Amino acid sequence: MLERGKMDRDLVEFVVIDQLVPKEHLLRKIDAAVDFTQLYEMVESLYCEDNGRPSIDPVVLFKMVLIQHLYGLPSLRRTAEEVSANNCYRWFLGYPLQEETPHFSTVSYNFRHRFTEETVDRVFAWILDEVAKAGYLSPKAVFIDGTHIKANANTKKQVKEQIPAAARHYAKELMEEVNADREAHGKKPFDDDNDPPASPRKHKDNTSKKKLARRKKHGFRTVTKSTTDPDCGLFVKGEHKRQFAYEAHTACDKNGFVLETVVTPGNVHDSVAFDEVYDKVTENFPQVEAVVADAAYKTPHICKKVFGDGRVLSTAYKRPQTMKNGHEWWKYVYDEFYNCVICPEYQPLKYSTTNRDGYREYKSDPNICAACPTRERCTHSKDCIKTVQRHIWKDYEELADDARYTPVYAQLYKCRKETIERVFADAKEKHAMRYTQYRGLAQVTNWVKLKFVAMNLKKLATWKWRNPLSSFRFAVFSLIYVRDPVCS
């Protein structure tokens, strides 16, 4: 029988708000997983003890931001509207049905002016500590990668600027080893351009004027900056649309818990930001044994840094940049005993010099190359000289190649799609991290870290809520599937 006119809108009922929240609701799991009263200790120093008006409960403010990131709400204004209308959100905040919830501007002001980056870092570390106490953290193998986030900036509002080229983190270390290598080969060490001359006389350098002029020109680079948000960077990659963006360089463990994230402008390469992410992760988790990253991180410096610390870098194959229609790269064989390179025609390329970038240059005899039958596939030099470069840290790159052929680390690299790639996919599809409405590096950094706090908390609460049988099955499956201690 058809029923019509169901309009019971004016009924008066006595209800308990706890009865309106389903037992399996995510917010119930989160509320049972961690003790939010610990937040008071983190923000106590940010409030005055005996002066001013009573504040909004800081735990409520943090919970509202968690709700925004957990459910992928695009803004704090929308979050405040949803909190006011949703009974589950009210229960999570501890607000009854008739009480007015905090205004979105209150939340925004506190996270802009009161809760600093240090506060957000402490919250991030607190959630990771809770995960570690629960026994779900497994940082022996760390997966590192970066993802771009579209900035709140119009690509048409831009200016060109010349800025000083950023110095490499390892410039001093590299120069010391380059000079040591040059002295070992009977060459004069390079002079440091940053040191002032010892006397008012003209400072003599063993570098040609042409190279000095090129080096001075390379000291600056032209970048495209946004007039709306100067902190972001222009992201240009392959077929992707040119856009202003930020990049979140992130590290996670094999269970998908985010261990660290560093936000940079979108035009900063992954390998440049690696040092900061790696140093923070290894400082907080010294038990790291393997670092898993894609081919963008396979540079001489990164390989030396990881293997030099007694850890293993598991990475992918990186295609060498060789001349089109030329000889394959593997046909040029390095002879360590004689310190030379054997070309495909079995002629030696002798050591010439070590340049400032850390590459040893091996050059051929032009008299031999002039009559070589395959010279067109080797070099197009008018002087008939073939130059092959080999980095002084090339041995560390070869260790990374050896790890790539090791079954344990090859299997570990395949786990990227289930770990760091899954983290980025969930963050963008479920937690609205494709673009940001915030401007400025500090605000975007806090926004990204709070988003990963929400993701870690969601995973922790979900795992804690599982029944003992499911946990036992998961543990057994992990022992069967993962047979290497690095993965466990």
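Computed from a predicted model, the values in this text were never measured in an experiment.
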Residue set satisfying side chain to side chain donor-acceptor pair (under 3.5 Å) with R77, at least two apart, ordered chain then number -> none
Taken to the nearest 0.5 Å, the spacing of H249 NE2 from E276 CD works out to 9.0 Å
For F257, does its backbone N or O pair with a side-chain atom of N255 as donor and acceptor, under 3.5 Å? no
Applied to residues 89-98, the side chain to side chain donor-acceptor pair (under 3.5 Å) test, sequence neighbours excluded, yields D18-W91
Quick note, ring pair (Phe, Tyr, Trp, His ring centres under 6.0 Å) partners involving residues 262-285, not counting sequence neighbours, are F274-Y278, F274-Y297
TODO: Please state whether the rings of Y438 and W447 are parallel, tilted or perpendicular, taking 30° and 60° as the class boundaries.
DONE: tilted
D275 meets the salt bridge (charged side-chain N to carboxylate O under 4.0 Å, His left out) criterion, sequence neighbours left out, with none
Residues at least two apart in sequence or cross-chain that pass ring-ring contact (aromatic ring centres under 6.0 Å, His included) with F92, listed by chain then number, are F36
### Task
Identify whether the distance between the nearest side-chain nitrogen and carboxylate oxygen of K449 and D121 falls below 4.0 Å.
yes
One should read off an interatomic distance between S226 OG and K157 NZ, to the nearest 0.5 angstrom, of 9.0 Å
Inset, instruction - Could you tell me whether K133 and D129 make a salt bridge, using a distance below 4.0 angstrom between a side-chain N and a carboxylate O? - result: yes
Solution key, residues 104-113 side-chain donor-acceptor pairs under 3.5 Å, sequence neighbours excluded:
from: S105; atom 1: OG; to: H103; atom 2: ND1; distance (Å): 2.7
from: N110; atom 1: OD1; to: R114; atom 2: NE; distance (Å): 2.7
from: N110; atom 1: ND2; to: T106; atom 2: O; distance (Å): 2.7

